[in-house]
Engineer: 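One structure is given below, represented as structure tokens, and several questions about it will come after.
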2 protein chains.
Amino acid sequence: MQHNQPVETLVETMLESCMGSRVGRLHRLVDRQFDQHLRPLGLSVPQMEVLSALTLIGRPVKPSFLADVLSMERSTMSRNLSIMQERGWVEPGDVSATGRSMSVVISREGVLKLESAETAWREAQEAVVAALGTDAPSTLDDWLNKLVADR
Amino acid sequence: MQHNQPVETLVETMLESCMGSRVGRLHRLVDRQFDQHLRPLGLSVPQMEVLSALTLIGRPVKPSFLADVLSMERSTMSRNLSIMQERGWVEPGDVSATGRSMSVVISREGVLKLESAETAWREAQEAVVAALGTDAPSTLDDWLNKLVADR
DNA sequence: CTGGTTATGTTGCATATGCACCTTTTTATG
DNA sequence: CATAAAAAGGTGCATATGCAACATAACCAG
């Protein structure tokens with residue numbers, strides 16, 4: 001094995017600049033904040049994402065569309081929706097020619113669940129924004145747009 | 001239930017600014033990039049984080065210390081290390097008075113595994129930095145420092 | 001040295017995530 | 001309309017993650 005540089009240098013480069021590591025740590029730290037606030041309500045961050053998106057869209061949507069909007073894999077969305085449907089937060093949307101439904105909508109209970117999380121969400125949000133600075137949300141938006149652009 | 005604002009506004013506020021949602025999406029998108037490059041080598045991002053950190057530290061460390069450095073829960077680190085020890089990438093460090101070891105070090109095989117990932121890591125890293133801009137790593141560092149500060 | 005306190009490691013439970021496959025549904029084409 | 005192609009949904013497998021609760025080890029005071 002020929003290495004032009006010792007292992008230390010490679011490792012330093014990795015730890016000093018690795019985006020995978022940084023984003024992972026950021027996710028662990030921020031997600032914990034929200035989770036600690038939302039968990040008592042029996043709500044997770046991805047579940048809140050789905051309920052918010054469904055409310056905002058306001059019509060039956062295909063899970064694959066939702067997955068695309070939230071940058072999730074179809075398989076992940078499939079499982080997340082299963083749990084939420086069991087709890088009655090979402091329900092099948094309009095049916096197609098074959099009689100089956102390929103879309104979901106938020107239910108009345110889903111709306112109530114989302115509303116019940118308002119205070120908890122606000123507390124977590126304020127804590128994180130206070131720590132990172134008010135520019136953080138727009139910076140993240142910028143990054144997300146760029147990532148989705150070259151896909 | 002008295003709401004001063006309609007649900008739409010609450011939801012819009014959530015989706016428009018929610019840090020939990022943004023960080024989650026960022027994690028999904030970036031992690032996928034690295035995962036697609038590292039997976040063929042049988043290496044995950046958190047595993048690479050542990051190997052890098054162990055190499056950089058260069059001495060036996062307690063799992064709880066490692067967990068703290070990488071902003072992981074002790075329980076998560078415990079499980080991640082189990083997998084890595086099964087594969088021989090890490091091994092018990094020096095033993096204490098009771099005969100058991102409460103520390104781990106990277107093994108020779110762990111070093112080799114980390115080295116084998118160099119090219120794959122570089123490709124993922126370059127793709128992500130190219131998309132987000134060269135400022136992204138330092139911005140993330142800034143955020144991570146702030147989050148760890150008020151803990 | 002012993003007993004209590006604290007740090008640390010581990011396990012049960014639940015959710016999230018992605019890929020590789022496979023199945024089903026939809027859509028396009030002849 | 002029938003059939004091929006494409007899109008969508010869902011499962012198996014593996015890892016990651018956190019909290020709560022418990023077990024064990026280290027440490028400190030008396």
Side-chain angles (χ1 to χ4, degrees), chain A residues 20-21 23-50 60-68 70-87 89 92-93 95-104, chain B residues 20-21 23-50 61-68 70-87 89 92-93 95-104 124:
Chain A
S21 172
V23 170
R25 279 187 67 202
L26 180 69
H27 180 247
R28 288 190 286 266
L29 288 165
V30 171
D31 197 57
R32 235 177 291 174
Q33 280 285 327
F34 279 86
D35 185 53
Q36 282 168 355
H37 283 87
L38 294 178
R39 179 183 287 266
L41 307 171
L43 193 64
S44 70
V45 172
Q47 286 166 356
M48 191 193 64
E49 291 182 61
V50 169
V61 288
K62 290 198 279 196
S64 62
F65 176 74
L66 215 47
D68 192 57
L70 299 178
S71 308
M72 265 176 218
E73 289 296 311
R74 290 200 314 274
S75 59
T76 301
M77 180 61 71
S78 175
R79 275 182 267 252
N80 291 356
L81 285 175
S82 291
I83 295 174
M84 299 177 70
Q85 186 166 349
E86 281 173 19
R87 309 205 173 141
W89 302 344
V95 295
S96 61
T98 56
R100 273 183 247 191
S101 172
M102 300 281 273
S103 65
V104 289
Chain B
S21 172
V23 171
R25 280 187 66 202
L26 181 68
H27 181 247
R28 288 191 285 268
L29 288 164
V30 171
D31 198 57
R32 236 176 291 174
Q33 279 286 328
F34 280 85
D35 186 53
Q36 283 168 355
H37 282 87
L38 295 178
R39 180 185 285 267
L41 307 171
L43 193 64
S44 72
V45 173
Q47 287 165 355
M48 190 193 64
E49 291 183 61
V50 170
V61 287
K62 289 197 279 196
S64 63
F65 176 75
L66 215 48
D68 192 57
L70 298 178
S71 307
M72 266 177 216
E73 289 297 310
R74 290 199 315 274
S75 58
T76 302
M77 181 59 73
S78 175
R79 275 182 267 253
N80 291 355
L81 284 175
S82 292
I83 295 173
M84 298 178 70
Q85 186 167 348
E86 283 173 19
R87 307 204 174 144
W89 301 343
V95 295
S96 62
T98 55
R100 274 183 246 191
S101 171
M102 299 283 272
S103 65
V104 289

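Chain A is the first sequence line, chain B the second, and so forth, proteins listed ahead of strands; every chain is numbered from 1.
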Engineer: Between Arg28(A) and Glu49(B) (salt bridge meaning N to carboxylate O under 4.0 Å), is one present in this structure?
Structural biologist: yes
Engineer: Hey, does Met77(B) have a side-chain heavy atom less than 4.5 Å from the side chain of Val50(B)?
Structural biologist: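 Heavy-atom side-chain distance check passes, below 4.5 Å.
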Engineer: Measure CG/Asp35(B) against P/dC19(C) and give the value in whole Å, please.
Structural biologist: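 About 6 Å, once rounded to whole Å.
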Engineer: Check whether any side-chain nitrogen or oxygen of Ser78(B) sits under 4.0 Å from OP1 or OP2 of dT10(C), and answer yes or no.
Structural biologist: yes
Engineer: Taking atom types as they are modelled, would you say the side chain of Arg79(B) forms a donor-acceptor pair with the base of dG18(D) within the 3.5 Å cutoff?
Structural biologist: yes
Engineer: Under the criterion side chain to side chain donor-acceptor pair (under 3.5 Å), I'd like the reasoning laid out for Ser44(A) against Gln47(A): C-alpha separation, chi angles, the key distance, then a yes or no.
Structural biologist: CA-CA 5 Å; Ser44(A) 70; Gln47(A) 286 166 356; 3.3 Å; yes
Engineer: Which of these nucleotides, dT17(C), dA16(D), dG9(D), is closest to any side-chain atom of Pro63(A)?
Structural biologist: dG9(D)
Engineer: Just to be sure I understand the rule, does Met77(A) reach a base, reach only the sugar-phosphate, or reach nothing, if contact means heavy atoms closer than 4.0 Å?
Structural biologist: nothing
Engineer: I need the CE-C1' distance between Met72(B) and dT8(C), as an integer number of Å.
Structural biologist: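 So the CE-C1' distance, Met72(B) to dT8(C), works out to 17 Å.
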Engineer: Mind grabbing the angle between the end helix axes of the helix from dC1(C)-dG30(D) to dG30(C)-dC1(D)? Five pairs an end, 10° rounding.
Structural biologist: 10°
Engineer: Separation of Lys62(A) atom NZ from dT27(C) atom C1', in whole Å?
Structural biologist: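 Rounded to the whole Å, the gap is 10 Å.
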Engineer: Using the closest heavy atom to pick a nucleotide of DNA chain C for each, name whichever of Ile83(A) or Met102(A) lands nearer the 5' end.
Structural biologist: Ile83(A)
Engineer: If each of Ser103(A) and Glu49(B) is mapped to the nucleotide of DNA chain D with the nearest heavy atom, which maps nearer the 5' terminus, i.e. the 5' end?
Structural biologist: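 Between the two, 5'-proximity favours Ser103(A).
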Engineer: Using OP1 and OP2 only, check whether a side-chain N or O of Gln36(A) sits under 4.0 Å from dC19(D).
Structural biologist: yes
Engineer: Considering just the side-chain nitrogens and oxygens of Asn80(A), establish if one lies under 4.0 Å of OP1 or OP2 belonging to dT17(C).
Structural biologist: yes
Engineer: Does Trp89(A) reach the side chain of Leu43(A), with side-chain heavy atoms less than 4.5 Å apart?
Structural biologist: yes
Engineer: Determine the contact category for Asp31(B): base if any of its heavy atoms lies under 4.0 Å from a base atom, sugar-phosphate if only primed atoms, P, OP1 or OP2 are that close, otherwise nothing.
Structural biologist: nothing
Engineer: To the nearest Å, how far apart are Phe65(B) CZ and dT8(C) P?
Structural biologist: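 Spelled out: CZ on Phe65(B) to P on dT8(C) is 11 Å.
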Engineer: Base, sugar-phosphate alone, or nothing: which one does Ser44(A) contact when heavy atoms must sit under 4.0 Å apart?
Structural biologist: sugar-phosphate
Engineer: Below 3.5 Å, does any donor atom in the side chain of Arg74(A) face an acceptor in the base of dG18(C), or the other way round?
Structural biologist: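 No such pair is found, so the answer is no.
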Engineer: Do the side chain of Ser82(B) and the main chain of Ser78(B) share a donor and acceptor less than 3.5 angstrom apart?
Structural biologist: yes
Engineer: What nucleotide, of dT8(C), dT17(D), dC19(C), holds the atom closest to the side chain of Thr76(B)?
Structural biologist: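 Within the option list, the nearest is dT17(D).
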Engineer: I want to check something: taking the side chain as every heavy atom from C-beta on, are Arg74(B) and Asp68(B) in contact at a cut-off of under 4.5 Å?
Structural biologist: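 Side chain of Arg74(B) against side chain of Asp68(B), heavy atoms only: no contact under 4.5 Å found.
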Engineer: Any idea which heavy atoms bring Met48(A) and Leu38(A) closest together, and the distance?
Structural biologist: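 Scanning both residues completely, I find the closest heavy atoms to be SD-CD1, 4.0 Å.
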Engineer: Whole angstroms only, please: what is the CE-P distance between Met48(A) and dA16(C)?
Structural biologist: 12 Å
Engineer: Rounded to the Å, how far apart are Leu43(A) CG and dA14(C) C1'?
Structural biologist: 14 Å
Engineer: For Ser64(A), which contact category applies under a 4.0 Å heavy-atom criterion: base, sugar-phosphate, or nothing?
Structural biologist: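 Sugar-phosphate, no base atom in range.
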Engineer: Restricting to non-hydrogen atoms, name the atom on Pro60(A) and the atom on Ser103(A) that form the minimum distance, rounded to 0.1 Å.
Structural biologist: CB-OG, 3.5 Å
Engineer: Arg87(A) has a side chain; which of dA14(C), dC19(D), dA16(C) sits nearest to it?
Structural biologist: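 Closest of the options to the side chain of Arg87(A): dA14(C).
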Engineer: Can you tell me the distance, in whole Å, between the CG atom of Leu81(B) and the P atom of dT11(C)?
Structural biologist: 13 Å
Engineer: Between Leu29(B) (CG) and dC19(C) (C1'), how many Å, whole number?
Structural biologist: 16 Å
